[in-house]
Amino acid sequence: MNIVVCIKQVPDTNEIKINPVTGTLIRDGVPSIMNPDDKGGLEMALRLKDELGAHVTVITMGPPQADLVLREAFAMGADRAILLSGREFAGADTLATSNALAGALRTLQFDLLICGRQAIDGDTAQVGPQMAEHLDLPQISYVCDIKVKDEKTVRVVKENEDGHQILEAQMPCLLTCLASAVHPRYMNVAGIVQAYNKEVEVWGVDRIDVDLAKLGLKGSPTKVLKAFAKGLKSPGEVFETDPEEAVGIIISRLKEKFII
Amino acid sequence: MNKNDYKNIFVFAEQRGGKIQPVALELIGKASDLAAELGEKVVAMLLGHNVSSLAQELIEYGADEVIVADAPELEHYITEEYAQVVSQIADKYLPSIILFGATTIGRDLAPRLSARLTTGLTADCTKLEISEGKELMMTRPAFGGNLMATIMCTEHRPQMSTVRPGVMQKKDRQPSREGVITNFEVKIDMSRVKVKLIEEVKAEKDNRIDISEANILVSGGRGVGTKENFAKLTELADVLNAQVSASRAVVDAGVIPHDRQVGQTGKTVRPNLYFALGISGAIQHLAGMEESDYIIAINKDKFAPIYSVSDLGIVGDVNKIIPLLTERLKKEFSK
């Protein structure tokens with residue numbers, strides 16, 4: 001069985017702070033990480049590898065530094081890594097990104113295509129389903145469990161607002177996975193050593209099967225008109241005191257606000 | 001493509017189990033305002049099985065026309081079946097705008113359609129406006145919520161966006177409001193449908209209400225930590241007749257289910273009272289709760305960013321303060 005997992009390198013948005021004076025983002029020193037939902041998807045793929053001996057390929061689109069998340073994926077247990085990189089891909093919105101990745105995926109054989117539900121920098125959740133459409137694959141999003149039923153079928157659990165659904169899809173298919181569903185494994189020492197001995201394949205546009213007009217900024221139907229920091233609310237009162245007094249203050253404020 | 005051929009604002013009127021979802025009515029409300037500016041109509045698309053009776057409700061909340069696609073195949077949401085029907089409607093009627101709720105269904109269907117219709121899609125919008133050039137301006141949070149971006153899709157039609165539930169206001173219901181109901185003939189190529197529903201499992205609802213509809217939320221973060229400590233939050237919530245919610249860290253750790261998560265990747269809430277307990281206040285979290293009327297934050301770290309949005313901040317050990325507060329409140333209420 002062949003599985004391809006799409007991963008993205010993202011700034012750890014938990015570590016981004018706001019300059020309280022200017023209201024702008026402080027991005028200096030913010031670490032880059034493997035997007036959490038993608039890591040959850042990779043973990044699900046690696047569990048299928050443990051169970052069934054699947055071959056796991058990871059692919060990312062990004063600048064040369066994105067090599068780092070692919071090495072991390074190697075250290076976790078991925079077998080093959082592809083970095084899709086080049087200026088033709090730059091400035092892409094979700095549709096152009098999905099066209100680029102689909103172009104690369106057309107040249108690969110796979111039974112399962114796994115993505116994270118969404119990336120923490122953009123939070124759009126769009127690239128997965130858009131890729132599935134370009135590749136004419138069935139899709140299931142918000143997946144928290146994957147079981148291979150037989151050669152042709154996967155049975156998955158999908159979370160939704162009311163609970164969950166159990167669905168079956170014919171392979172090949174696309175699944176987008178939730179980080180909260182699994183605890184990704186740690187990199188092991190042997191894996192880390194190997195990660196730097198393995199080759200990350202770097203692919204440019206010449207290596208993929210896509211109409212160049214659909215890539216990058218010119219292939220993007222949406223354009224950012226402006227980006228701006230959200231206004232800050234003026235901070236309220238803060239007390240540093242012992243628990244007894246703290247409780248007294250809370251009770252008095254709740255009374256003032258007619259909450260109790 | 002000639003942009004002038006595309007007219008009217010279409011809303012995907014999401015129903016689940018025969019119940020119109022609140023976000024559908026919110027979108028119809030917003031679409032009414034936008035349609036007035038454009039001099040166009042609001043058209044709701046209602047897909048499902050035995051759902052025709054819901055069409056009048058959509059009209060009473062502001063839809064001028066409802067296109068009903070009613071067929072047994074549409075009883076449960078499956079991406080391909082719904083995508084075929086909505087794309088057929090879009091091909092036939094050429095809407096200038098299509099709005100979806102940013103729900104698990106909307107966020108699954110809309111991107112599939114954007115690729116099928118080769119047009120742009122903007123996710124999780126919190127603001128929609130019409131520009132001087134009569135284009136849709138879609139504003140959404142990015143970078144975990146503190147940066148806002150305004151996005152346009154000027155060269156493609158339809159302009160599509162998903163909109164966060166709870167952000168737009170629905171209109172008051174007008175019981176006698178009139179509109180057009182059109183039945184759309186459903187023709188699905190089942191050979192392309194490769195996903196089937198095996199079982200639908202509803203979560204135990206017990207006495208919990210959706211956190212986005214709660215008046216008081218007791219929300220815990222990393223500083224609360226364990227399941228045992230979360231039980232103390234539940235006790236406090238019970239005394240206040242409140243709901244328990246959480247930050248992403250706690251949900252990711254599996255302490256509390258995802259439907260209780262507040263923030264950019266969870267739900268947007270605006271209760272009358274919000275307790276942020278042991279929540280440092282990552283910007284993703286702030287994005288989901290800063291509109292709350294009154295915010296009380298308790299945290300060990302006096303430099304925690306949560307204090308930038310709280311009305312009352314207490315620096316201290318949340319796991320000591322909460323049991324005390326619960327006891328005091330019990331006494332207050334028994335007076």
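Convention: sequence-line order gives letters A, B, ...; per-chain numbering from 1. Just the heavy atoms: all of them, side chains too, but no hydrogens, waters or symmetry mates, feed the values below.
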(request) Check whether B:Lys202 gets within reach of chain A through its side chain, its backbone, both or neither, counting any heavy atom under 4.5 Å. (result) both
(message) Is any side-chain heavy atom of A:Glu244 closer than 4.5 Å to one of B:Leu324?
(response) yes
(message) As an exercise: rank B:Leu113, B:Leu312, B:Asp252, B:Thr103 by heavy-atom pairs under 4.5 Å with chain A and give me the winner.
(response) B:Leu312
(message) For B:Tyr294, which atoms come within 4.5 Å of any heavy atom of chain A: side chain, backbone, both, or neither?
(response) side chain
(message) Quick check on the interface: out of B:Lys196, B:Glu200, B:His156, B:Glu327, who has the most heavy-atom pairs with chain A under 4.5 Å?
(response) B:Lys196
(message) Using 0.5 Å steps for rounding, measure from the CZ atom of B:Arg248 to the OG atom of A:Ser180.
(response) 10.0 Å
(request) Just do the side chain to side chain contact (heavy atoms under 4.5 Å, CB included) check on B:Ile105 and A:Tyr142 with the steps written out, would you? (result) CA-CA 10 Å; B:Ile105 289 177; A:Tyr142 293 86; over 6 Å; no
(request) Could you tell me whether B:Arg16 and A:Glu161 make a salt bridge, using a distance below 4.0 angstrom between a side-chain N and a carboxylate O? (result) yes
(message) Would you compute the distance between atom CD1 of A:Ile166 and atom CD1 of B:Ile198 and round it to the nearest 0.5 angstrom?
(response) 8.5 Å
(request) Please state whether the side chain, the backbone, both or neither of A:Ser220 comes within less than 4.5 Å of a heavy atom of chain B. (result) neither
(request) State plainly whether the residues B:Asp311 and A:Arg253 are in salt-bridge range, i.e. N to O under 4.0 Å. (result) no
(request) Verify, without hydrogens or angle tests, whether A:Gln139 (side chain) and B:Asp108 (backbone) share a donor-acceptor contact under 3.5 angstrom. (result) yes
(message) Does any backbone or side-chain atom of A:Lys158 lie under 4.5 Å from a heavy atom of chain B? Answer side chain, backbone, both or neither.
(response) side chain
(request) With a 4.5 angstrom heavy-atom cut-off, could you sort out which part of B:Met138 is near chain A: side chain, backbone, both or neither? (result) neither
(request) May I ask you to name which of B:Ala297, B:Ala249, B:Ala115 has the most heavy-atom pairs under 4.5 Å with chain A? (result) B:Ala115
(request) Sort B:Ala253 into side chain, backbone, both or neither according to what part of it lies under 4.5 angstrom from a heavy atom of chain A. (result) backbone
(message) Is it true that, when you exclude B:Lys300 itself, more than 12 heavy atoms of the residues, nucleotides or ligands shown sit nearer than 6.0 Å to its NZ?
(response) no
(request) Would you mind checking which part of B:Glu332 comes under 4.5 Å of any heavy atom in chain A, side chain (CB onward), backbone (N, CA, C, O), both or neither? (result) side chain
(request) Could you verify whether a donor N or O on one side chain and an acceptor N or O on the other, from A:Gln118 and B:Arg107, lie under 3.5 Å apart? (result) yes
(request) Measure the CG-CD distance between A:Asp123 and B:Gln284 for me, rounded to the nearest 0.5 Å. (result) 7.0 Å
(message) Nearest 0.5 angstrom please: B:Glu199 CD to A:Arg155 CZ, how far?
(response) 8.0 Å
(message) At a 4.5 Å cut-off on heavy atoms, which part of A:Ser98 comes close to chain B: side chain, backbone, both, or neither?
(response) neither
(request) Verify the neighbour count for atom CG of A:Asp211: are there more than 12 heavy atoms of other residues, nucleotides or ligands below 6.0 Å? (result) yes
(message) For A:Lys223, is the NZ atom crowded, meaning more than 12 foreign heavy atoms sit under 6.0 Å from it?
(response) yes
(message) At a heavy-atom distance under 4.5 Å, which candidate from A:Ala119, A:Cys173, A:Ala169, A:Gly40 has the highest pair count against chain B?
(response) A:Ala169
(message) Given heavy-atom pairs under 4.5 angstrom as the criterion, report whether the side chain, backbone, both or neither of B:Leu240 touches chain A.
(response) side chain
(message) Using a 4.5 angstrom heavy-atom cutoff, name the option from B:Ile322, B:Thr265, B:Ile296, B:Asn272 with the most pairs to chain A.
(response) B:Thr265
(message) Under a plain distance cut-off of 3.5 Å, with no hydrogens placed, do A:Gln130 and B:Arg112 share a side-chain donor-acceptor pair?
(response) no
(request) Give a yes or no on whether B:Phe303 atom CZ has more than 12 heavy-atom contacts from other residues, nucleotides or ligands under 6.0 Å away. (result) no
(request) Sort A:Leu137 into side chain, backbone, both or neither according to what part of it lies under 4.5 angstrom from a heavy atom of chain B. (result) backbone
(request) Step by step, work out the side chain to side chain contact (heavy atoms under 4.5 Å, CB included) result for B:His258 and A:Glu159. (result) CA-CA 9 Å; B:His258 183 251; A:Glu159 272 191 17; 3.7 Å; yes
(request) Over all heavy atoms of both residues, which pair between B:Gly120 and A:Thr222 is shortest? Give the atoms and the distance, please. (result) CA-CG2, 3.6 Å
(request) Could you tell me whether the side chain of A:Gln165 and the main chain of B:Val201 form a donor-acceptor pair under 3.5 Å? (result) no
(request) Please look at B:Ile314 and chain A and tell me whether the side chain, the backbone, both or neither of the residue comes under 4.5 angstrom of a heavy atom of that chain. (result) both
(message) Tell me whether the count of non-hydrogen atoms from other residues, nucleotides or ligands lying under 6.0 Å of NZ in A:Lys214 goes above 12.
(response) no
(request) Would you give the length of the straight line joining atom CG of A:Leu254 to atom CD1 of B:Ile216, rounded to the nearest 0.5 angstrom? (result) 8.0 Å
(request) Among B:His76, B:Arg140, B:Glu80, single out the residue with the greatest number of heavy-atom pairs under 4.5 Å to chain A. (result) B:Arg140
(request) Using a cut-off of under 4.5 Å on heavy-atom pairs, state which of B:Ile151, B:Val195, B:Thr150, B:Leu325 scores highest against chain A. (result) B:Thr150
(request) Please indicate whether B:Arg116 has more than 12 foreign heavy atoms, meaning atoms of other residues, nucleotides or ligands, lying under 6.0 Å from its CZ. (result) yes
(message) Is any side-chain heavy atom of B:Ile321 closer than 4.5 Å to one of A:Val247?
(response) yes
(message) Which atoms of A:Phe239 are under 4.5 Å from chain B, going by heavy atoms: the side chain, the backbone, both sets, or neither?
(response) both
(request) Tell me, for B:Thr119 versus chain A, whether the close heavy atoms (under 4.5 Å) come from the side chain, the backbone, both or neither. (result) backbone
(request) Among the options A:Asn99, A:Thr124, A:Asp136, pick out the one with the most heavy-atom pairs lying under 4.5 Å from chain B. (result) A:Thr124
(message) In the structure I gave you, are the side-chain heavy atoms of A:Glu133 and B:Thr79 within less than 4.5 Å of one another anywhere?
(response) no
(message) To the nearest 0.5 Å, what is the distance between CG on A:Leu95 and SG on B:Cys153?
(response) 9.5 Å
